[in-house]
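For reference, the structure is listed below as structure tokens.
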Amino acid sequence: MSEMAASGSTIIVIEDEAPIRRFLKTTLSAHGYHFVEAITGEEGVLKVASLNPSVVILDLGLPDIDGLEVLRQIREWSTVPIIILSAREQEGDKVRALDDGADDYLTKPFGVAELLARIRASVRRANRHDTSEEPAIIEIGSIRIDQAKRLVLLNGQEVHLTPIEYKLLATLVKYRGRVLTHNQLLKEVWGLGYSEETQYLRVYMAQLRKKLEADSTNPEYFLTEPGVGYRLKDEPS
């Protein structure tokens, strides 16, 4: 989706800091989005319920209700993409927000290009899940995944993956573009009893990178979100 194709899409920003609201209003309006602001968590929940936005941008530090509680309230009845705003020292809250259903996060301060990329990715994922089932063949850069045949190709050459490697890849593909916490990945790939076994995840992620990245030490697709988890790149070339 081009930036100007976003015209008419409503984004609700729940943020109590006036300078950030002004920055977001200027940026989002200039790129074709309809900007709506809320200064408190209670106001934000009401506006999300009444306006049915395309994306919600939610600050964790609100004056009335904790941002995590706002997230939980919205998630009781809505699947709208929610992007968290967080300060770097709030890493624990960031992880909890993602585990509780947030789609992504931005660390303050953040740039315009990063903001718009995260919004586009969130809207793409929402549209993909709303309109159709996951396609049988997924292409991400030079990687081609045929999910029906469980076949993975890199630059046209078949790559052998172990069952766990393939399950990890399939999970990242399912949520591509979204940050997945260590806890989410461990539960989905290994099961509930492995939620603390982060070493398993590091080992298998390193193996995926070695097999599917041109330079495993400088990955292009399998991205680390420090202290949080991993993301499979979903931006178009």
Side-chain angles (χ1 to χ4, degrees), residues 1-3 5-6 9 54-55 79-84 98-99 101-106 113-191 194 198 200-226 228-237:
M1 179 181 71
S2 69
E3 292 171 4
S9 296
S54 300
V55 176
T79 60
V80 60
I82 299 176
I83 300 174
I84 296 296
L98 291 165
D99 281 340
D103 294 84
D104 207 340
Y105 71 88
L106 283 167
E114 181 182 17
L115 168 67
L116 295 172
R118 299 296 178 89
I119 291 171
R120 289 194 301 269
S122 295
V123 172
R124 275 201 307 276
R125 287 193 301 274
N127 290 341
R128 186 164 64 224
H129 294 153
D130 285 346
T131 59
S132 64
E133 296 182 359
E134 188 71 27
I137 296 177
I138 305 293
E139 292 188 354
I140 301 171
S142 55
I143 303 169
R144 180 182 174 92
I145 303 142
D146 186 329
Q147 299 192 104
K149 297 179 180 178
R150 297 174 66 91
L151 181 67
V152 180
L153 304 176
L154 178 64
N155 295 317
Q157 300 297 312
E158 183 175 354
V159 177
H160 174 72
L161 299 181
T162 67
I164 289 292
E165 289 169 354
Y166 183 83
K167 191 172 183 181
L168 177 57
L169 175 63
T171 301
L172 290 164
V173 166
K174 180 180 178 182
Y175 299 103
R176 59 193 181 278
R178 176 176 173 176
V179 182
L180 293 173
T181 65
H182 300 124
N183 189 42
Q184 288 170 326
L185 283 166
L186 285 163
K187 285 181 178 179
E188 186 119 0
V189 177
W190 282 272
Y194 292 84
T198 55
Y200 285 13
L201 187 54
R202 284 194 292 270
V203 169
Y204 279 92
M205 185 62 68
Q207 291 174 189
L208 271 185
R209 285 171 169 163
K210 187 174 181 180
K211 292 182 177 183
L212 295 174
E213 293 278 8
D215 179 1
S216 61
T217 63
N218 186 29
E220 181 181 358
Y221 305 115
F222 299 91
L223 306 179
T224 298
E225 299 290 339
V228 178
Y230 298 95
R231 177 202 307 270
L232 180 62
K233 184 178 179 181
D234 190 35
E235 275 293 281
S237 301

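Counting from 1, the numbers follow the sequence of the chain as shown.
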With no hydrogens and no angle check, is any side-chain donor or acceptor of Y166 less than 3.5 Å from a backbone partner on V152?
-> no

Which residue pairs pass the salt bridge (charged side-chain N to carboxylate O under 4.0 Å, His left out) test with at least one member in residues 136-145, sequence neighbours excluded?
-> E139-R144

Please test Y230 against R202 for side chain to side chain contact (heavy atoms under 4.5 Å, CB included), starting from the C-alpha separation and ending with a verdict.
-> CA-CA 10 Å; Y230 298 95; R202 284 194 292 270; 3.8 Å; yes

Looking at residues at least two apart in the chain, or sitting in another chain, which of them share a side chain to side chain donor-acceptor pair (under 3.5 Å) with D103?
-> R75

Which heavy-atom pair separates L168 from V189 by the least distance, and what is that distance?
-> CA-CG2, 3.8 Å

Under 3.5 Å, is there a donor-acceptor pair linking the side chains of Y105 and E225?
-> yes

Can you check whether L161 reaches L208 side chain to side chain, under 4.5 Å on heavy atoms?
-> yes

Any sub-3.5 Å donor-acceptor pair from E213's side-chain atoms to E220's backbone N or O?
-> yes

What residues form a side chain to side chain donor-acceptor pair (under 3.5 Å) with D215, not counting sequence neighbours?
-> T217

Should V173 and Q147 be marked as a side chain to side chain contact (heavy atoms under 4.5 Å, CB included) after you check the CA-CA gap, both sets of side-chain angles, and the distance that decides it?
-> CA-CA 10 Å; V173 166; Q147 299 192 104; 4.2 Å; yes

Ignoring hydrogens and angles, tell me if any N or O in the side chain of K211 forms a donor-acceptor pair with the backbone of H160 under 3.5 Å.
-> yes

For V55 and V123, which heavy atoms make the closest approach, and how far apart are they?
-> CG2-CG2, 3.5 Å

Could you walk me through whether L212 and Y221 pass the side chain to side chain contact (heavy atoms under 4.5 Å, CB included) test, one step at a time?
-> CA-CA 9 Å; L212 295 174; Y221 305 115; over 6 Å; no

Would a 4.5 Å heavy-atom cut-off, applied to side chains only, mark Q207 and V203 as touching?
-> yes

Between the main-chain N or O of R178 and the side-chain N or O of R231, is there a donor-acceptor pair closer than 3.5 Å?
-> no

With no hydrogens and no angle check, is any side-chain donor or acceptor of R125 less than 3.5 Å from a backbone partner on G177?
-> yes

